[in-house]
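Structure record follows, encoded as structure tokens.
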Amino acid sequence: DAKTTQPNSMESNEEEPVHLPCNHSTISGADYIYWYRQRPSQGPEYVIHGLTSNVNNRMASLTIAEDRKSSTLILHHATLRDAAVYYCILRDHSGTDGAAAVQYLPGGEREGI
């Protein structure tokens, strides 16, 4: 069974890059690495995916380790609008095999804690 693990939460200052790691040591050769995010009171939103090479789009970058056992989602200029729970999912052509979530809280979101 493919499984992914992520830290419980990450924080940063606004307009700074955020690196959200995901470990998937049991990944198989056919598994794609997908990232989704879910904002409060909304459904999941696709962010990016890749198989073996690094990928970039307007929302983020995905770096994949050479052995494919880990990957990192990079939000280049994170803002308060990027605060969400981010899901790292391994998916082959038949469906979802394993998932984990990390909650990203920009600095200032947790004032008073």
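None of the values given here were measured: they were computed from a predicted structure.
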Please check if the side chain of [X] supplies one atom and the backbone of [Y] the other of a donor-acceptor pair under 3.5 Å.
X     : Y     : result
Gln38 : Ala84 : no
Asn57 : Ala60 : yes
Thr26 : Lys3  : yes

Inset, instruction - For the pair His49 and Tyr34, name the ring-plane relationship: parallel under 30°, tilted 30 to 60°, perpendicular over 60°. - result: parallel
Inset, instruction - Before giving the answer on side-chain contact (heavy atoms from CB on, under 4.5 Å), spell out for Cys88 and Tyr36 the whole-Å C-alpha distance, their side-chain angles and the decisive distance to 0.1 Å. - result: CA-CA 7 Å; Cys88 173; Tyr36 292 86; over 6 Å; no
In Å and rounded to the nearest 0.5 Å, what is the [atom1] to [atom2] distance from [X] to [Y]?
X     : Y     : atom1 : atom2 : answer
Leu51 : Asp92 : CG    : CG    : 11.0 Å
Leu62 : Trp35 : CG    : CH2   : 8.0 Å
Leu90 : Ile27 : CG    : CD1   : 4.5 Å

Inset, instruction - Evaluate the criterion side-chain contact (heavy atoms from CB on, under 4.5 Å) for residue pair Thr79 and Glu15; output intermediate values, then yes/no. - result: CA-CA 6 Å; Thr79 67; Glu15 298 301 326; 3.3 Å; yes
Are [X] and [Y] side-chain neighbours, meaning at least one heavy-atom pair lies under 4.5 Å?
X     : Y     : result
Pro17 : His77 : no
Asn23 : Gln6  : no
His19 : Ser12 : no
Tyr86 : Leu75 : yes

Legend entry - Residue pairs involving residues 42-68 (criterion salt bridge (Lys or Arg N to Asp or Glu O under 4.0 Å); sequence neighbours excluded): Arg37-Glu45, Arg39-Glu45
Inset, instruction - Could you check Ile33, Leu73, Asn56 and say which one makes a side chain to side chain contact (heavy atoms under 4.5 Å, CB included) with Ile48? - result: Leu73
Legend entry - Minimal non-hydrogen separation, Ile64 against Ser53, with atom names: CD1-O, 3.5 Å
Inset, instruction - Would you kindly confirm whether Ile74 and Tyr32 end up in one hydrophobic cluster when ILVMFWY residues are joined by side chain heavy atoms under 4.5 Å apart? - result: no
Inset, instruction - Indicate whether the side chain of Ser70 and that of His24 have a donor and an acceptor atom separated by less than 3.5 Å. - result: no
